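Everything numeric in this text was worked out from a predicted model, so none of it was measured. Residue indices begin at 1 and follow the sequence shown.
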Amino acid sequence: MKIFSLSIISSLLVVNSTFGAALSSDLKTNSLIVYNGSIALVHEERNLHVNRHDSHIVYEGVANTIETDSVNIELPSTIKLNSQQFRFDKLTRSKLLEAHIDKVVHVKVLKDAKIFETIEGTLLSHDGNFCIVRTKEDNIISVQSSNVIFKTVPNALITKPSLVWNINSLKDLDTTMKLDYVIKKVGWKSDYIVNLDGDNVDLSGWITINNRSGKAFKDTNLHVLAGDINRAQRPEVKYRKAMVMSAPMAEQDNVAHVAHEGYHFYSIPFKVNLANNEKTQIKFIDEKNLHVNRRYDVYLSNPNYLHGEVKRGVNQYIHFDGMDFPLPKGIVRTYSKSKGMTILLGETSIKHTAKDTPIHLRLGENFDVKVTQTVVKRNDDRRYYDATVKYVVKNSSNENKKVELQVPFNNNSTSSIDSSMAYRYKKGNLVTYTVVVNAESSESFEVNYRSKK
């Protein structure tokens, strides 16, 4: 961006001053679409009054993380847009001094050895530490910069992140200015809570907005888009801890959802306030009494490379039928109650899940169910692997369990399986055995595997 000295641009970039269009500070409407990739699209509309001689428009209050090349401005055809600048003057003493050159300032001067008095004078120049001032008596004095007192902030300094457009207007008009732009450091994610009670669960979902954009959004129409849009790779953003504000959804309100161009678009049914450096949570799913099934499985070693004895823990899952709406990617936390105490059973990360897709949640490893695999005999030769493996499933709990054993093994014409337990192939090359084990008991069986090397 081209840099100009304040003395040159101070006469050009003055809000609501001569040759500056009058732009309302109040928004007619505003909305925010937040994406998974830590970006958002801002839409704002304001009233604009332009006189024929106006040369610029200053639009205050944009986010300081704005991507300036994404700005999409809509103006009537009678206004010619010549150039655009992004301005944000962080106040410093040096900038204030520069903006007051040739202007009247108040200066503290030493009247006698101990007493200061304040006088008026015109600031002629400064070097950061000292200033040259002409007094009312036309005396030229040098004073320390810290002794200059500023009464106001000059209009030449734009203290809020702003967009400035240089324009030519063919006529006077009152219109609506529409603006869209992309900002960074604001993102969203979804989190889910599952409360498990026997064979039923209650499912709730929360949208969390993390706003670090440098801009607060008030009474905003909020939308989120689920799906990973294509973006150029950027460095990972590291955030400080933020406050969390909850905005629970009223019972009669529902988050609206539509599918659009391969993504899913969610609209919050009420206006939302998003403060800067704050997390806001909004409830968007509330489903009751969903029936669940339980599943137990264990992934075991390939018998071609198994030697000796190996023990494995058993994974436990719950799963339920898919919803009639999609679930954005997020973390599902499953809770249950025992003797009045709430217990976290496990966390599962789910991907974007289309509607009517069954949900499988891994809770963790079951404490009471273990599987032991032991090589009983090996008859390998130069051409074939040949191993006889014994499997023991032990259930120490007081409930019957149905456990699925998954064994990777070649599924081709050169391989053979001789088993006393029924099996099937799953996912191409997983030999799968389903074993029912009664409470406080164990089940065992042997299998011979033969496979060409």
### Message
Side chains of Lys108 and Thr118: any donor to acceptor distance under 3.5 Å?
### Response
no

### Task
Could you check Ile119 against Thr135 for side-chain contact (heavy atoms from CB on, under 4.5 Å), going step by step and ending with a plain yes or no?
CA-CA 8 Å; Ile119 64 171; Thr135 68; 4.0 Å; yes

### Task
Name all residues meeting the side-chain hydrogen bond (donor to acceptor under 3.5 Å, both in side chains) criterion together with Ser397; count only those two or more places apart in sequence or in a different chain, and write none if there are none.
Asn395, Lys401

### Task
Quick one: closest heavy-atom pair of Phe409 and Pro303, and the distance?
CD1-CG, 3.8 Å

### Task
Say whether Trp206 and Gln281, considering side chains only, have a donor N or O and an acceptor N or O under 3.5 Å apart.
no

### Query
Taking atom CG of Asn273 as the centre, does the number of heavy atoms from other residues, nucleotides or ligands within less than 6.0 Å exceed 12?
yes

### Query
Does any donor atom in the side chain of Tyr433 or Gln406 lie under 3.5 Å from an acceptor atom in the other side chain?
no

### Message
Could you check whether Ser31 and His43, counting side-chain N and O atoms only, form a donor-acceptor pair closer than 3.5 Å?
### Response
no

### Query
For the residue pair Tyr181 and Val62, what are the closest heavy atoms and their distance?
OH-CA, 3.5 Å

### Query
Once you round to the nearest 0.5 Å, how far does CD1 of Ile57 lie from CG of Asn166?
10.0 Å

### Task
For the pair Val403 and Asp297, evaluate side-chain contact (heavy atoms from CB on, under 4.5 Å) and give the outcome as yes or no after the intermediate values.
CA-CA 5 Å; Val403 184; Asp297 72 18; 5.8 Å; no

### Query
Do the side-chain N and O atoms of Lys28 and Thr176 include a donor-acceptor pair separated by under 3.5 angstrom?
yes

### Task
Applying side chain to side chain donor-acceptor pair (under 3.5 Å), run through Lys337 and Thr342 and close with a yes or a no.
CA-CA 4 Å; Lys337 289 188 179 295; Thr342 299; 2.8 Å; yes

### Query
Are any of the side-chain heavy atoms of Val224 and Ile33 separated by less than 4.5 Å?
no

### Message
Which residue in the set Val407, Leu300, Leu405, Val298 passes side chain to side chain contact (heavy atoms under 4.5 Å, CB included) when paired with Gln373?
### Response
Leu300

### Message
Less than 4.5 Å apart, side chain to side chain, heavy atoms only: is that true for Leu179 and Glu74?
### Response
no

### Task
Go through Asp26 and Ser24 one step at a time and tell me if the side chain to side chain donor-acceptor pair (under 3.5 Å) criterion holds.
CA-CA 5 Å; Asp26 296 326; Ser24 171; 4.5 Å; no

### Query
Is there a side-chain contact (heavy atoms from CB on, under 4.5 Å) between Thr65 and Lys185 once you walk through the steps?
CA-CA 7 Å; Thr65 57; Lys185 295 186 180 181; 4.0 Å; yes

## Note on the structure
The residue among Ile66, Val164, Val71 that forms side chain to side chain contact (heavy atoms under 4.5 Å, CB included) with Phe86 is Ile66

### Query
Do we see a donor-acceptor contact under 3.5 Å between the side chains of Asp286 and Ser204?
no

### Message
Looking only at the side chains, is there a donor atom on one of Glu44 and Asn30 sitting less than 3.5 Å from an acceptor on the other?
### Response
no

### Message
Does the structure place the NZ or CZ of Lys215 under 6.0 Å from the centre of the six-membered ring of Phe217, at an angle of no more than 45° from the ring's axis?
### Response
yes

### Task
Can you see which heavy atom on Asp202 is nearest to which on Lys288, and at what distance?
OD1-CA, 3.4 Å

### Message
Under a 3.5 Å threshold, yes or no: a donor from one side chain and an acceptor from the other, between Ser169 and Asp54?
### Response
no

### Task
Please report the C-alpha distance between Arg134 and Glu120 in whole Å, then the side-chain angles of each, then the deciding distance to 0.1 Å, and finally whether the salt bridge (Lys or Arg N to Asp or Glu O under 4.0 Å) criterion is met.
CA-CA 9 Å; Arg134 176 188 287 117; Glu120 284 188 359; over 6 Å; no

### Message
I want to check something: taking the side chain as every heavy atom from C-beta on, are Asn366 and Tyr296 in contact at a cut-off of under 4.5 Å?
### Response
yes

### Task
Would you mind reporting whether Asn304 and Asn410 have side-chain heavy atoms less than 4.5 Å apart?
yes

### Message
Hydrogens and angles aside, do Arg312 and Ser301 bring a side-chain donor and acceptor to less than 3.5 Å of each other?
### Response
yes

#### Entry: Heavy-atom check, side chain of Tyr425 versus side chain of Val431, under 4.5 Å
yes

### Message
Between Asn277 and Asn211, does the side chain to side chain donor-acceptor pair (under 3.5 Å) criterion hold? Intermediate values first, please.
### Response
CA-CA 6 Å; Asn277 291 330; Asn211 180 21; over 6 Å; no

### Message
Can you tell me how the ring of His264 sits relative to the ring of Tyr266, calling it parallel under 30°, perpendicular over 60° and tilted otherwise?
### Response
tilted

### Summary
Nearest heavy-atom approach of Leu97 to Leu123 is O-CD2, 3.3 Å

### Message
Counting C-beta onward and ignoring hydrogens, is there a side-chain heavy-atom pair between Val109 and Asn147 closer than 4.5 Å?
### Response
no

### Message
Do Thr122 and Val133 have side chains that approach each other closer than 4.5 Å (heavy atoms only, starting at C-beta)?
### Response
no

### Message
The test is side-chain contact (heavy atoms from CB on, under 4.5 Å); show your working for Leu274 and Val272 and say whether it passes.
### Response
CA-CA 6 Å; Leu274 300 174; Val272 177; 3.6 Å; yes

### Task
Determine whether Pro358 and Phe320 make a side-chain contact, defined as any pair of heavy atoms from C-beta on separated by less than 4.5 Å.
no

### Message
Given the ring of Tyr192, does Arg333 sit roughly above its face, with NZ or CZ under 6.0 Å from the centre of the six-membered ring and within 45° of the axis?
### Response
no

#### Entry: Under 3.5 Å side-chain donor-acceptor pair for His49 and Asp174
yes

### Query
Taking everything shown except Lys426 itself, do over 12 heavy atoms lie less than 6.0 Å from its NZ?
yes

### Query
Is it true that atom CG of Asn429 has more than 12 heavy atoms of other residues, nucleotides or ligands lying nearer than 6.0 Å?
yes

